[in-house]
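Data first, discussion second: the structure below is written as structure tokens.
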Amino acid sequence: MSFYHFALVGIGGFFGSMARFAISRKYNSKEKSLPTGTIIVNLSGAFLLGLLTGAHLDQKYLLFAGTGFMGAFTTFSTLKLETIQLHIGQKKKAFFLYIGITYFFGILLACLGYLTGKNL
């Protein structure tokens, strides 16, 4: 890997983290039982990463958009933290709903994205 490859990942990561911050800030709130912003980010990211992977793009585009942007845009650690917070707050319904939505639809959307990308 060259400096160019690291720069692609870094620049993509910058834009991905800014997009995640904006969406999470807009849609997550203390009043809602589910962290809607994180759900939106992770599900759309699952679809888009599937799409990019299925499209078999050149390595530089995958580094920028896949590893960089999507790596910073989606957030596994925040998902885990929010899941634990729901559990600690004894919000069992929201806890199971959050896990179910995220994993079931995340896998489904990643598959749909891959198939869509493969057919482009």
Side-chain angles (χ1 to χ4, degrees):
M1 290 280 174
S2 67
F3 176 77
Y4 174 70
H5 294 120
F6 282 101
L8 286 173
V9 172
I11 294 167
F14 170 79
F15 289 111
S17 62
M18 294 295 109
R20 176 171 49 100
F21 176 75
I23 291 169
S24 292
R25 183 131 175 153
K26 181 172 181 161
Y27 292 104
N28 282 353
S29 71
K30 298 286 183 193
E31 295 83 40
K32 296 179 183 177
S33 62
L34 288 176
T36 310
T38 308
I39 292 171
I40 291 168
V41 162
N42 286 337
L43 294 182
S44 62
F47 177 79
L48 292 171
L49 188 56
L51 182 77
L52 293 170
T53 305
H56 300 292
L57 299 176
D58 184 74
Q59 181 188 22
K60 64 184 173 195
Y61 298 115
L62 285 175
L63 287 172
F64 174 78
T67 305
F69 187 90
M70 290 302 152
F73 182 64
T74 60
T75 173
F76 193 70
S77 57
T78 301
L79 164 69
K80 296 304 174 193
L81 175 64
E82 290 168 345
T83 302
I84 292 301
Q85 289 171 336
L86 290 172
H87 177 69
I88 290 170
Q90 297 183 353
K91 298 177 181 177
K92 291 189 187 307
K93 183 178 178 183
F95 172 82
F96 287 112
L97 189 61
Y98 187 35
I99 291 172
I101 288 171
T102 301
Y103 285 101
F104 177 79
F105 288 106
I107 292 169
L108 177 68
L109 287 167
C111 289
L112 289 173
Y114 182 83
L115 293 172
T116 303
K118 192 174 172 183
N119 292 313
L120 289 179

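All residue numbers refer to positions in the sequence shown, counting from 1.
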- Gly106 versus Ala46, closest heavy-atom pair with distance: O-CB, 3.4 Å
- Query: Can you tell if the side chain of Tyr103 reaches within under 4.5 Å of the side chain of Leu79, non-hydrogen atoms only?
  - Reply: yes
- Item | Nearest-0.5 Å distance, CD1 of residue Ile99 to CZ of residue Phe104 | 15.5 Å
- Item | Same apolar cluster (I L V M F W Y, side chains within < 4.5 Å links), Ile107/Val41 | no
- Message: So which atom in Leu43 and which in Thr102 form the shortest heavy-atom distance, rounded to 0.1 Å?
- Response: CD2-O, 3.8 Å
- If Ile, Leu, Val, Met, Phe, Trp and Tyr residues are connected whenever their side-chain heavy atoms lie under 4.5 Å apart, and connections chain through other members, are Phe21 and Leu48 in the same group? no
- Message: Other residues, nucleotides and ligands only: do more than 12 of their heavy atoms fall within 6.0 Å of NZ on Lys26?
- Response: no
- Are Phe76 and Ile23 grouped together when hydrophobic residues (ILVMFWY) are joined by side-chain heavy atoms under 4.5 angstrom apart? yes
- Message: If you define the side chain from C-beta out and look only at heavy atoms, does anything of Asn42 sit under 4.5 Å from Thr75?
- Response: yes
- Message: With rounding to the nearest 0.5 angstrom, report the CD to OG1 distance, Glu82 to Thr38.
- Response: 3.5 Å
- Are Leu112 and Ile101 co-members of a hydrophobic cluster defined by side-chain heavy atoms under 4.5 Å apart? yes
- Message: If I take atom CG from residue Leu97 and atom NZ from residue Lys91, how far apart are they, to the nearest 0.5 angstrom?
- Response: 13.0 Å
- Tell me whether Tyr61 is reachable from Met70 by hopping between hydrophobic residues (I, L, V, M, F, W, Y) whose side-chain heavy atoms are closer than 4.5 Å. yes
- With sequence neighbours excluded, what pairs up with Phe73 under the ring-ring contact (aromatic ring centres under 6.0 Å, His included) test? Phe69
- With Lys30 via side-chain hydrogen bond (donor to acceptor under 3.5 Å, both in side chains) - residues at least two apart: none
- Considering all heavy atoms, the nearest Tyr98-Pro35 contact: CZ-CG, 3.4 Å
- Item | Lys80 NZ: over 12 foreign heavy atoms closer than 6.0 Å | yes
- The reported gap from OG1 in Thr53 to OH in Tyr114 (rounded to nearest 0.5 angstrom) is 8.0 Å
- Task: Mind checking ring-ring contact (aromatic ring centres under 6.0 Å, His included) for His87 and listing every partner two or more places apart, or none if nothing turns up?
- Result: Phe95
- Note on the structure: Rounded to the nearest 0.5 Å, the NZ atom of Lys60 sits from the OH atom of Tyr4 at a distance of 5.0 Å
- Rounded to the nearest 0.5 Å, how far apart are CG of Leu109 and OG1 of Thr116? 9.5 Å
- Message: I need the minimum non-hydrogen distance between Leu63 and Val9, along with the two atoms involved.
- Response: O-CG2, 3.7 Å
- Task: Could you tell me whether the side chain of Leu86 reaches within less than 4.5 Å of the side chain of Phe96, counting heavy atoms only?
- Result: no
- Looking only at non-hydrogen atoms, find the nearest pair between Ala72 and Gly13 and report the distance. CB-O, 3.2 Å
